[in-house]
Amino acid sequence: MKSDLSEKLKILADAAKYDVSCASSGSNRKNKGKGLGNATGMGICHSYTEDGRCVSLLKILLTNHCIYDCAYCVSRKSNDIKRVAFTVQEVVALTINFYRRNYIEGLFLSSGIFKNADYTNERLIRIAKKLRNEENFHGYIHLKIIPGASAEVMKEAGLYADRLSVNLEIPSERSLKHIAPEKNHKSVYEPMNWLKEQIIENREDRKKHRSAPVFSPAGQSTQMIIGASPEADCEILSIAASLYDKQGLKRVYYSGYIPVSSDDRLPAVTSVPLIRENRLYQADWLFRFYGFAMDEIVNKTHPNLDLEIDPKLGYALRHLELFPVDVNTAPYEMILRVPGIGVKTAGMIIQSRRYGKVRFEDIKKMGAAMKRARYFITAPNYSLPLSTDQPSSIRHQIVYQGKKAQLSLF
Amino acid sequence: MVNILLYDGTYEGLFSVFFDCYKEKYAPVSIQKERNYQPAMFDHSTFIPTELVKSDRVMKGLRKKLSSTAFSNLTKAFFSEFEDIEMTIYEYVQLVFNNKMNIEKDYRQSSVLRISQVTKKVNREIHRMHAFVRFQKTTDNIYAATIRPDFDVIPFIGSHFKERYADQLWMIYDTKRDYGLFYDLTRLDIIRLENPEWEGNKKIKRTLYSNNEIEFQTMWKNYFRATSISERKNMKLHLQHMPRKYWHYLPEKQMV
Ligand code: SF4
């Protein structure tokens with residue numbers, strides 16, 4: 001019996017790992033009446049996998065039985081693998097026992113589809129409900145809603161979960177048709193839009209009555225698989241921008257496609273596009289925290305992100321007319337656009353310059369990456385390196401220096 | 001001329017030193033914990049005892065001129081136990097009292113920048129303890145963990161665990177500094193164990209484990225392995241997030 005549970009855990013964790021989201025942030029669930037657990041605003045990574053990803057939640061599928069046949073998925077119907085399923089009690093016990101030992105922040109539960117969307121969603125909800133009502137559990141719960149869920153089912157899910165997500169997986173409808181014939185984008189966008197309304201409505205309710213129940217307080221997120229279909233970065237990022245704007249999503253995750261099958265509906269790839277994935281995350285950050293519009297990062301003339309340099313540097317090199325920036329007088333928004341200066345350093349510069357002139361050395365000590373920043377700023381007694389009027393020469397110096405530094409390590 | 005001031009190692013002790021510096025016009029080149037002090041040739045040292053009346057006066061003055069965050073950051077920086085921390089705090093405090101303006105955000109000043117950097121380090125260690133503490137359930141139903149953090153963070157981690165694990169007995173013990181926290185379902189206390197017996201690298205003894213402790217550790221290990229994606233393996237990143245020195249806490253990083 002026990003070895004059986006261990007075996008199930010291996011299979012159903014393995015099948016769930018392709019969903020890269022593991023965030024446990026954004027919720028502030030207090031531990032009421034001496035129960036178990038809470039959700040702290042920023043979330044905690046309790047461990048890191050050997051691929052360097054955060055392990056914050058017990059991320060499992062309820063079952064890997066599935067009636068669908070999505071080409072990119074290990075659990076697809078046509079794949080010849082062992083099928084197992086947890087019982088409700090097994091998931092509850094694992095969550096509680098891992099949580100009490102400080103292994104995890106909570107549960108991230110998803111599932112293959114047995115019978116139909118709502119039947120599956122109801123099972124997922126039953127587990128969340130049991131954790132909240134019977135175990136008095138206030139830790140983090142993320143439920144992945146199966147596309148096509150009905151309103152009642154989602155309404156209930158939002159009462160017990162901190163975050164709900166519906167995955168887009170394949171960025172464009174035309175590719176989706178090809179790779180996952182049973183799915184369509186409507187079945188993803190409909191629940192997303194519905195959830196958005198609910199979340200907003202709930203916030204309003206809670207402003208009026210503090211006692212109104214919370215509904216999915218950490219919002220919703222989604223994931224797109226990168227490299228399983230031919231979309232360019234500008235298409236992917238404009239979809240992301242519209243998900244943030246129109247559906248009010250908290251996070252969009254980009255998951256480099258990992259070849260799990262030799263299905264001929266998919267491109268023959270041998271390695272995971274990790275650099276591209278990383279550049280997409282950087283672009284996403286520029287959009288969310290640095291005040292960039294997506295079309296400043298990628299557009300018709302530059303449809304794909306540069307793999308060799310980060311997107312902020314790419315932007316600066318295309319817009320040398322805006323630089324150098326005077327760190328003692330430029331507005332915060334402009335300092336944020338300097339390659340090598342992050343949100344934290346930009347804040348420190350703004351604070352410090354109220355007391356007197358900020359010098360080049362000060363910025364360096366505050367933690368800016370001077371290797372890049374030095375081509376784009378002016379400060380007292382500091383002059384720019386020579387031959388910095390040509391984007392290509394700056395680019396060459398930065399990239400070349402980086403390589404040289406790497407080589408000297410060996 | 002006295003140039004080295006010694007104190008008992010407590011935060012209040014350090015602030016008593018500051019009071020005397022002002023009153024006696026000392027200009028120390030070094031302030032040290034008495035127990036760490038090793039006399040050298042041209043030293044003129046004196047020990048300054050802790051007097052709460054004195055330390056309170058200085059702290060009160062400081063609170064008036066600083067935000068509460070800046071004040072508590074100073075405390076956190078102190079518990080880093082860095083060798084230069086007393087002098088850095090001394091310079092910081094002088095800067096505060098010598099300026100009309102609140103200087104806490106003037107990162108051009110070396111002491112302000114240093115305090116902010118040290119605080120960041122201490123905060124990171126606190127955060128890592130929140131993350132990497134691993135409780136083992138014992139036969140008497142206590143969830144127990146040993147730690148050996150780089151900095152003395154026990155005073156800062158109790159509230160997090162108390163709120164989260166309000167319905168279970170737990171203990172977190174710093175084996176490096178030989179003291180810890182114990183929560184008995186109502187109160188959180190600082191404790192020191194008499195002649196504690198550990199196993200191996202100062203871990204909780206296996207003979208004290210409750211019935212299914214090993215089983216859950218094993219399942220956690222299996223989970224950890226299954227959730228890794230081998231096609232994405234990146235040990236450099238892995239080590240950056242989870243440096244080796246923390247591994248001994250973590251069941252998922254044990255071979256057996
Ligand atoms: S519906 Fe989900 S579990 Fe089923 S094959 Fe498609 S992606 Fe996989």
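Below, chains carry the letters A, B, ... as their sequence lines are ordered, and counting in each starts from 1.
Within residues 68-87 of chain B, no residue has any heavy atom closer than 4.5 Å to a heavy atom of chain A. For residues 130-143 of chain B, heavy-atom neighbours of chain A at less than 4.5 Å comprise B:His130, B:Ala131, B:Phe132, B:Val133, B:Arg134, B:Phe135, B:Lys137, B:Tyr143, sorted by residue number.
The part of B:Ser116 that comes within reach of chain A is its side chain, from C-beta onward, which places non-hydrogen atoms under 4.5 angstrom from that chain. Using a 4.5 Å cut-off between heavy atoms, B:Lys162 does not touch chain A at all. Looking at B:Glu231, both its backbone and its side chain come within 4.5 Å of chain A, counting heavy atoms on both sides. Heavy atoms closer than 4.5 Å to chain B are found in both the backbone and the side chain of A:Leu36. When heavy atoms are compared at a cutoff of 4.5 Å, A:Leu58 approaches chain B by way of both its backbone and its side chain. Only the backbone of B:Leu185 comes within less than 4.5 Å of a heavy atom in chain A; its side chain stays farther off. Of the atoms belonging to B:Glu213, heavy atoms from both backbone and side chain fall under 4.5 Å from chain A. Using a 4.5 Å cut-off between heavy atoms, B:Lys236 does not touch chain A at all.
Pairs of residues two or more places apart, or lying in two chains, that qualify as ring pair (Phe, Tyr, Trp, His ring centres under 6.0 Å) and include a residue from residues 197-222 of chain B are A:Phe98-B:Trp220, A:Tyr103-B:Trp220, B:Tyr173-B:Trp198, B:Trp220-B:Tyr223. For residues 355-364 of chain A, the side-chain hydrogen bond (donor to acceptor under 3.5 Å, both in side chains) pairs, not counting sequence neighbours, are A:Arg359-A:Asp362.
Around the CZ atom of B:Arg124, the shell of radius 6.0 Å holds no more than 12 heavy atoms that belong to other residues, nucleotides or ligands. Atom CD of B:Glu197 sits in a sparse spot, with 12 or fewer heavy atoms from other residues, nucleotides or ligands closer than 6.0 Å. The local environment of CD1 in B:Ile190 is crowded, with over 12 non-hydrogen atoms from other residues, nucleotides or ligands closer than 6.0 Å. Surrounding CG of A:Asn381 are at most 12 heavy atoms belonging to other residues, nucleotides or ligands under 6.0 Å away. Counting heavy atoms of neighbouring residues, nucleotides and ligands inside a 6.0 Å radius, atom NZ of B:Lys105 does not exceed 12 of them. Taking a 6.0 Å sphere around CG of B:Asn211, one finds it holds 12 or fewer heavy atoms contributed by other residues, nucleotides or ligands.
The choice from A:Gly256, A:Gly35, A:Ala39 that makes the most heavy-atom pairs within less than 4.5 Å of chain B is A:Gly35. By number of non-hydrogen pairs under 4.5 angstrom with chain B, the leading residue of A:Leu9, A:Ile349, A:Val272, A:Asn97 is A:Asn97. The greatest number of non-hydrogen atom pairs below 4.5 Å with chain A, out of B:Leu250, B:Thr227, B:Leu237, is found for B:Thr227. Here B:Ala166 is the residue among B:Ser230, B:Ala166, B:Ala145 with the most heavy-atom pairs under 4.5 Å with chain A. For chain A, the option among B:Asn234, B:Leu239, B:Asp167, B:Thr218 with the highest count of heavy-atom pairs below 4.5 Å is B:Asp167. For chain A, the option among B:His241, B:Met242, B:His127 with the highest count of heavy-atom pairs below 4.5 Å is B:His241. Chosen from A:Ser47, A:Ala15, A:Gly37, A:Ala13, the residue pairing most often with chain B at heavy-atom distances under 4.5 Å is A:Ser47. Heavy-atom pairs under 4.5 Å with chain A were tallied for B:Phe224, B:Tyr246, B:Phe161; the largest tally goes to B:Phe224. Taking chain B as the reference chain and counting heavy-atom pairs below 4.5 Å, the highest number among A:Arg353, A:His138, A:Met366, A:Arg354 is found for A:Met366.
One finds the CZ atom of A:Arg53 at 12.5 Å from the NE2 atom of B:His238 (value rounded to the nearest 0.5 Å). Atom CG in A:Leu5 sits 4.5 Å away from atom CE in B:Met219 (nearest 0.5 Å). Distance check: B:Thr186 OG1 to A:Lys34 NZ gives 6.0 Å after rounding to the nearest 0.5 Å. Between A:Asp14 atom CG and B:Asn222 atom CG the span is 12.0 Å, to the nearest 0.5 Å. Note that CD of B:Gln217 and CZ of A:Arg101 are 7.5 Å apart. Values are rounded to the nearest 0.5 Å. For the atom pair CD1 of A:Ile44 and CZ of B:Arg128, the computed distance is 13.5 Å after rounding to the nearest 0.5 Å.
Proximity of a side-chain donor or acceptor of B:Gln168 to a complementary backbone N or O of A:Arg100 within less than 3.5 Å is detected.
Here the closest heavy-atom approach between residue B:Arg232 and residue A:Asp51 is recorded as O-CB, 3.2 Å. Minimum interatomic distance between A:Asn102 and B:Tyr165 (heavy atoms only, all atoms of both residues): OD1-OH, 2.9 Å. For A:Ile258 against B:Ile229, the heavy-atom pair with the smallest separation is CD1-CG2, 3.6 Å.
Judged by distance alone, the side chains of A:Glu50 and B:Ser228 never bring a donor and an acceptor atom under 3.5 Å apart. In the model, A:Ser352 has no side-chain atom that pairs as donor or acceptor with a side-chain atom of B:Asp106 under 3.5 Å.
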For this session: Determine, stepwise, if the pair A:Glu105 / B:Arg164 fulfils side chain to side chain contact (heavy atoms under 4.5 Å, CB included).
Result: CA-CA 10 Å; A:Glu105 291 291 288; B:Arg164 175 159 295 194; 2.5 Å; yes

